[in-house]
Amino acid sequence: MSLERIDLLDNIFESFLQGSRIFKNRDVLRHDFIPAYLPHREEQAQRIGGILAPVLRGSKPSNIFIYGKTGTGKTAVVKYVLDKLVRKSREVHVSVEVCYVNCRIAGTDYRVLSQLCGSIGLHIPFTGLAVGEVFDRFKEALESKRIPLITVLDEVDALIKARGDAVLYELTRINENLKFGRVSILGISNDLRFKELLDPRVLSSLSEEEVVFRPYSAPELRDILQQRSKLAFLDGALVGGIINLCSALAAAEHGDARRALDLLRVAGELAERDGERYVKEEHVRQAQEKIEQDRVVEVLNTLPLHSKLVLCGVYLMKKANLNGSITGDVFEVYKELCDQLGVEVLTQRRVSGLINELDIMGVITARVVSFGRYGRTKKVSLGVSRSVIRDVFIDDNWVGRLLNYAPKCLKTKSS
DNA sequence: CGTCCACAGGAATGACGGGCGG
DNA sequence: CCGCCCGTCATTCCTGTGGACG
């Protein structure tokens, strides 16, 4: 792992060639860019550094558990510290291996393990082996290499929620079976309630040390943006107030630095597109909308057919002034839509699951309500504007033609 | 205060396409 | 090429439940 070093001069030339009047180097605003200094995270960096330091003298550092919401700098700080650690270890000729895995992106136990194996130079086939087998190979390789390994499991909560804590359990126990290898685990979680899902044994082992990342406050975000904008924008392209606005907007949204940086970058891009010399407030407002819209469009486009049909059902119900419909009704409409397309109908259980997935993606809102005597169900309503859905679905070969369909089952009732 | 609706949502299981070792 | 295991998506069966109604 290494910090991304970007050739600043090269970027200036590049921007000049492209005639940008706004950006010096927009890559600095990307959230995977790690600056040389992380404002307002000195404390966390020092703590993590301090906990990991013993590895330089050959002993196993404690496992660390790190929490904090998205965009609070967890990943950046960890990468930053590990980068320094690796450099130092080379300096003093101590071997340390570091492996960073994003569990949400890896997705499964198997792929997490295979990445861990890869980091110690052990090639594991993409698929085809039993998880236990991979684990044995991993242990064997660790034993023979005798190098301490620091594993970072980013977004580990996503893995546990989807797969259970079996892998984590095995990993925490791994040192007991090894004579020479030493493995430290650094778990990063976005979800504060995540601890409750863990086996107490795993929890106590994993959180020998805990580090909490609080959300950034508006002034802190401002400092971050200030620092980056010096590298990212040409002089004079940012008038005062823009940074304040971006940090205020992002602070309102859980103090998410990622969001703040996105806002600033997109606002800059919009200003650039307008041929302006500097970013205006309205660009930031537009950026706010554009980010959200792009996200939704992306989500809608990649939805599988049946999810689209369910969503289309909710869309039609809203169109018929039946917003806040319940699971059973959505299912009825969905069945009709399947019928129209000659597609097989999924079970209500499955559709209920799809509704939850759509809810998590933020395209609809579904919350459980109880009508007492008249049952307990989910109230479902559209979470995005109808026009966005229409714009995306109209081009869809399957769903497009359903946008004007009037479901029969809606005619018999009214809201 | 118990009943009972209309589901929620967990668990077990299966079908399927894909990839690997042998 | 076979047999095995993978992950994904779905079905089936199931137990659980908030609260208005009686």
Side-chain angles (χ1 to χ4, degrees), chain A residues 101-118 122-138 140-141 153 155-168 170 191 193-194 196-199 299 301-314 317 322-335 337-339 341-361 363-381 398-399 409-410 412-413 415:
Chain A
V101 183
N102 184 310
C103 299
R104 188 179 49 79
I105 292 172
T108 65
D109 293 357
Y110 186 92
R111 289 202 284 254
V112 169
L113 271 178
S114 106
Q115 274 196 43
L116 290 181
C117 291
L122 175 64
H123 176 73
I124 290 295
F126 247 95
T127 174
L129 265 56
V131 176
E133 169 66 19
V134 178
F135 208 82
D136 288 344
R137 290 194 195 183
F138 179 58
E140 205 174 294
L153 303 177
E155 303 192 53
V156 65
D157 48 326
L159 185 72
I160 271 61
K161 278 175 197 157
R163 310 279 152 179
D165 54 9
V167 177
L168 218 46
E170 293 294 337
D191 188 350
R193 296 167 307 142
F194 160 73
E196 298 161 15
L197 301 173
L198 282 179
D199 184 319
V299 165
N301 272 318
T302 54
L303 241 34
L305 176 63
H306 286 280
S307 297
K308 282 183 180 171
L309 289 176
V310 171
L311 179 57
C312 192
V314 180
M317 294 172 93
L322 249 152
N323 213 4
S325 25
I326 62 168
T327 306
D329 296 343
V330 174
F331 183 62
E332 289 305 315
V333 178
Y334 157 82
K335 271 200 292 194
L337 296 181
C338 287
D339 224 44
L341 297 181
V343 174
E344 87 288 21
V345 181
L346 300 181
T347 50
Q348 180 159 343
R349 175 70 186 88
R350 182 61 189 138
V351 169
S352 168
L354 293 181
I355 289 175
N356 285 341
E357 288 173 23
L358 290 170
D359 177 43
I360 290 168
M361 290 184 277
V363 263
I364 64 175
T365 342
R367 55 177 238 284
V368 287
V369 289
S370 177
F371 298 122
R373 183 70 249 259
Y374 304 105
R376 192 164 166 273
T377 178
K378 273 199 293 268
K379 259 206 162 160
V380 181
S381 57
W398 287 84
V399 190
C409 60
L410 294 185
T412 50
K413 56 181 99 181
S415 62

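No hydrogens, no waters, no symmetry mates; every other heavy atom, side chains included, goes into these values. First the proteins, then the strands, lettered A, B, ... as listed; each starts at 1.
- Within the 4.0 angstrom heavy-atom criterion, no nucleotide atom of any strand lies near A:V330.
- With rounding to whole Å, A:R367 atom CZ is found 14 Å from B:dA8 atom P.
- A:L354 is listed as a side-chain neighbour of A:L346, based on a closest heavy-atom distance under 4.5 Å.
- Here B:dC7 presents its P atom at 10 Å from CD1 of A:I355, a figure rounded to the nearest Å.
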Enumerate the protein-to-nucleotides 18-22 of chain C contacts in which both atoms are nitrogen or oxygen and the separation is below 3.5 Å.
from	atom 1	to	atom 2	distance (Å)
C:dG18	N2	A:G372	O	2.9
C:dG18	N3	A:S370	OG	3.0
C:dG19	O4'	A:S370	OG	3.4
C:dG19	N2	A:G372	O	3.3
C:dA20	O4'	A:R373	N	3.2

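- Distance CZ (A:R349) to C1' (C:dC9): 13 Å, rounded to an integer number of Å.
- Closest to the side chain of A:Q348, out of B:dC7, B:dG9, C:dA10, is B:dC7.
- For B:dA8, one of the phosphate oxygens OP1 or OP2 lies less than 4.0 angstrom from a side-chain nitrogen or oxygen of A:T327.
- The phosphate of C:dT11 has OP1 or OP2 within less than 4.0 Å of a side-chain N or O from A:T347.
- Rounded to a whole Å, the NE2 atom of A:H306 is 14 Å from the C1' atom of C:dT8.
- If you take CD on A:E332 and OG1 on A:T327, they are separated by 11.5 Å, rounding to the nearest 0.5 Å.
- At whole-Å resolution of the value, CG in A:D329 and C1' in B:dC7 are 12 Å apart.
- If you measure from atom CZ of A:R350 to atom C1' of C:dT12, you get 14 Å, rounded to the nearest angstrom.
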Can you give me every donor-acceptor pair (side chain of residues 301-311 of chain A, partner residue at least two apart or in another chain, under 3.5 Å) with its distance?
from	atom 1	to	atom 2	distance (Å)
A:N301	ND2	A:V297	O	3.3
A:T302	OG1	A:E298	O	3.0
A:T302	OG1	A:V299	O	3.1
A:H306	ND1	A:Y334	OH	2.8
A:K308	NZ	A:D396	OD2	2.5

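- Considering only side-chain N and O atoms, A:K378 lies nowhere under 4.0 angstrom from the phosphate OP1 or OP2 of B:dA6.
- If you take CD on A:E357 and OG on A:S352, they are separated by 10.0 Å, rounding to the nearest 0.5 Å.
- In this structure, the side chains of A:V333 and A:C409 come closer than 4.5 Å at one or more pairs of heavy atoms.
- Contact annotation: the side chain of A:N356 approaches that of A:K378 to within less than 4.5 Å [non-hydrogen atoms, C-beta and beyond].
- For A:N356 and B:dA8, the shortest distance from a side-chain N or O to OP1 or OP2 is not below 4.0 Å.
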- Message: Assess the residue pair A:D359 and A:T365 against the criterion (side-chain contact (heavy atoms from CB on, under 4.5 Å)); give the C-alpha distance rounded to whole Å, side-chain angles, the decisive distance to 0.1 Å, and a yes or no.
- Response: CA-CA 5 Å; A:D359 177 43; A:T365 342; 4.3 Å; yes
